[in-house]
Amino acid sequence: MALMVYDTRSREKRELRTIEDGRVRMYVCGITPYTPSHLGHARCYLAFDVVHRWLEASGYDVDYVQNFTDIDDKILAISDAEGVDYSEVANRNIADFYEVMDAMNVLRADSYPRVTETIPEIIDMVSTLIDKGHAYIGDDGVYFEIDTAPEKFGQLTGQTLEMVRAGAGGRVGDTGSGKRDHRDFALWKLAKPGEPSWDSPWGAGRPGWHIECSAMSLKHFGEQFDIHGGGHDLRFPHHEAEIFQSECCTGREPVVGYWMHNGFVNIDGEKMSKSLDNFWTVSEAFERHHPLSLRYALLSVPYRNPIDLTPEFIADAGSHYGRLVSAYGASLSADGESGADLVGASERFTAAMDDDFNTRAAIIEIQGVVSSGAGTDVAVWLESHAGDALGLLPSRDEVLATLAETISAKEEVAAAVEALLAERETAREGGDWTRADEIRDELTTIGVVVEDGPDGPTWHLA
RNA sequence: GCACGGGUGGCAGAGCAGCUAUGCAAUGGACUGCAGAUCCAUGGACCCGGGUGCAAAUCCCGGCCCGUGCUCCA
């Protein structure tokens, strides 16, 4: 079956056909590093990590580019407040980004270009747009003139020029004093006194928000590429602005084959936001949840749907994750095969992922295999599906090490536990349930779980 | 207000005209002194109101609700 990808522009799932056979050029809008990464970022980059992994599993050579917007108003606001250079703010939040994404098994993209390293290409592109009559120089910067390509408007959101004129009318005054029309957007912003700036033909300044992505994708991929991803909120104006810039600059369309947008994260049914005080950074979330258990939760819903992270939802994902890892551990130490129907599971897993990366359905197949029993075949299956494709497994070495630790921890207390259990068995044989339960409670408090089976009691560490 | 997406059992999520998934949870049973684990089984849904069909969760119309966007938020 073919790999189907939902494209925001055509509003349908379409079979993936790339510009070059066997190769996918994928660009995903990266973060503006003015704060540590939050759960919304995690969801986005996890979603595209799965896209990345599955495309590779499907035999594509993926060229994955993700930018950092390392100069921006909000970064400047923070650097001003702290009295440090903007690059310090950007760098520490980029370091945080790498740290938390690595912990969640997010594979690195092939390239992480920064705005501040792409200035010459941006200036070239703005110059071309001016030369071609699509941009003009205003009092405070260079602007793209929407009216020079009105037919490109609304490709991702269905809005018309008139609608935006009506809707945003009240807010025009706030921004861009040099604009001829409020729908025009900045390509180059002239620096205010004291702001970091780069020289340009139009004066010292810095790039507008949208132009970087057009310049970077052109630089890395050329005039057209296959997949452009980002958060749902970026469709307008950011991604529509990119269509204007790229296509008007090169004259080639469409610049992007498939536009992919991930849904948002809610906390307890409400939008996650700083003002609602339910805002979680990823590293805060790590204090309560294992990074991969969080990954499990965030992949439990298909990427386009909104996801509501209630405590129950996260706890559920946590217990599934625990089961997955112990099933993997048990399978690594198993001697024989489980005899489970792994062929059927593989087929359904592939069908799920081929259907616009439906991780929910794919995870259900994993859960099925997890509960089918341990076996060497299961270990291999889990490694390729839960591990390689979805990134949900810790490394084999890590799992084996944990297993070894557990065994040695068990050995340390084994003698004491066995003695208590023997005493408990005596009590049970004599019908002294009070004493038997007392011993079991004692063991529970020291972290030992006792389970009575048909062949007598077994125990393990909690 | 306008645009786009969505409203399916307790939760997540397929299906997108007939065969009424699936996973977790729940319930019942087996096993247990009890608990747990395990096994077997079961019930339960299609936002509301109209319409078109032999047949609608699925198509059409009208509501309602939720999310996102409408100038720099993934």
Side-chain angles (χ1 to χ4, degrees), chain A residues 6 8 11 28-32 34-35 37-48 66 69 72-74 154 156-160 162-172 174-176 179 182-186 189 207-210 212 229-241 261-266 269-274 297 300-302 304-308 310 312-313 315-317 319-320 323 348 351-352 355 358-361 363-368 370-371 373 427-428 431-434 436-437 440-441 444 449-454 457-460:
Chain A
Y6 183 87
T8 306
R11 292 186 201 118
V28 174
C29 284
I31 56 164
T32 299
Y34 70 105
T35 57
S37 295
H38 59 249
L39 289 175
H41 295 126
R43 157 97 122 147
C44 176
Y45 302 108
L46 242 28
F48 288 103
Q66 190 185 122
T69 305
D72 148 276
D73 288 341
K74 289 184 294 273
L156 301 180
T157 54
Q159 300 182 105
T160 64
E162 290 67 31
M163 286 165 181
V164 176
R165 178 179 287 137
R171 291 189 280 271
V172 181
D174 313 345
T175 52
K179 289 181 189 180
H182 80 273
R183 295 160 304 177
D184 294 347
F185 55 87
K189 303 165 81 155
W209 177 39
H210 314 300
E212 60 181 90
H232 202 247
D233 55 335
L234 259 29
R235 291 174 308 148
F236 188 93
H238 186 58
H239 288 162
E240 289 203 6
H261 294 101
N262 66 276
F264 266 44
V265 173
N266 294 336
E270 289 193 275
K271 180 184 174 175
M272 183 179 75
S273 78
K274 287 172 186 165
S300 290
V301 172
R304 286 193 287 138
N305 296 15
I307 185 169
D308 190 13
T310 60
E312 295 73 26
F313 188 82
D316 256 21
S319 68
H320 281 122
R323 265 181 245 175
R348 290 187 296 272
D355 182 16
N358 188 337
T359 50
R360 164 78 274 182
I363 281 176
I364 285 174
E365 293 309 322
I366 288 176
Q367 289 171 2
V370 161
S371 56
R428 292 180 74 204
D432 185 357
W433 308 126
T434 314
D437 290 346
R440 187 169 62 194
D441 289 345
T444 304
V449 178
V450 179
E451 287 173 2
D452 295 320
T458 58
W459 63 277
H460 64 265

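The sequence lines fix the lettering, A, B, ..., with proteins before strands; numbering per chain opens at 1. Because the structure is a prediction, the values reported are computed rather than measured. The basis for the numbers below is simple: all heavy atoms, side chains too, and nothing from hydrogens, waters or symmetry mates.
Looking at A:Asp308, A:Val265, A:Ile307, A:Asn358 one by one, the single match for side-chain contact (heavy atoms from CB on, under 4.5 Å) with A:Val301 turns out to be A:Ile307.
Ring-to-base geometry places A:Trp433 in a stacked arrangement with B:G33 (centre distance under 5.5 Å, plane angle under 30°). Stacking between A:Phe264 and B:A74 is shown: the ring centroid lies under 5.5 Å from the centre of the six-membered base ring, and the planes differ by under 30°.
Pair assignment for B:G53: none, as no Watson-Crick or G-U wobble contacts are both less than 3.5 Å. Here B:C34 sits opposite no nucleotide as a Watson-Crick or G-U wobble pair (both hydrogen-bonding atom distances under 3.5 Å). Look at B:G62: its Watson-Crick or wobble partner, with both distances under 3.5 angstrom, is B:C48. The partner of B:G1, taking Watson-Crick or G-U wobble pairs whose two distances both stay under 3.5 Å, is B:C70.
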> Can you give one letter per nucleotide of nucleotides 35-40 of chain B, 5' to 3': B if a protein heavy atom sits under 4.0 Å from the base, S if only from the sugar-phosphate, - if neither?
Replying inline: BBS---
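When each of A:Gly208 and A:Tyr6 is assigned the nucleotide of RNA chain B bearing its nearest heavy atom, the one mapping closer to the 5' terminus is A:Tyr6. Where A:Arg43 and A:Ser300 meet RNA chain B, the nucleotide closest to each residue was compared, and A:Ser300 sits on the side nearer the 5' end.
Taking the syn range as angles within 90° of 0, the glycosidic angle of B:G53 is syn.
Here the straight-line distance linking atom CG of A:Leu46 with atom NE2 of A:His41 works out to 13.0 Å at 0.5 Å rounding.
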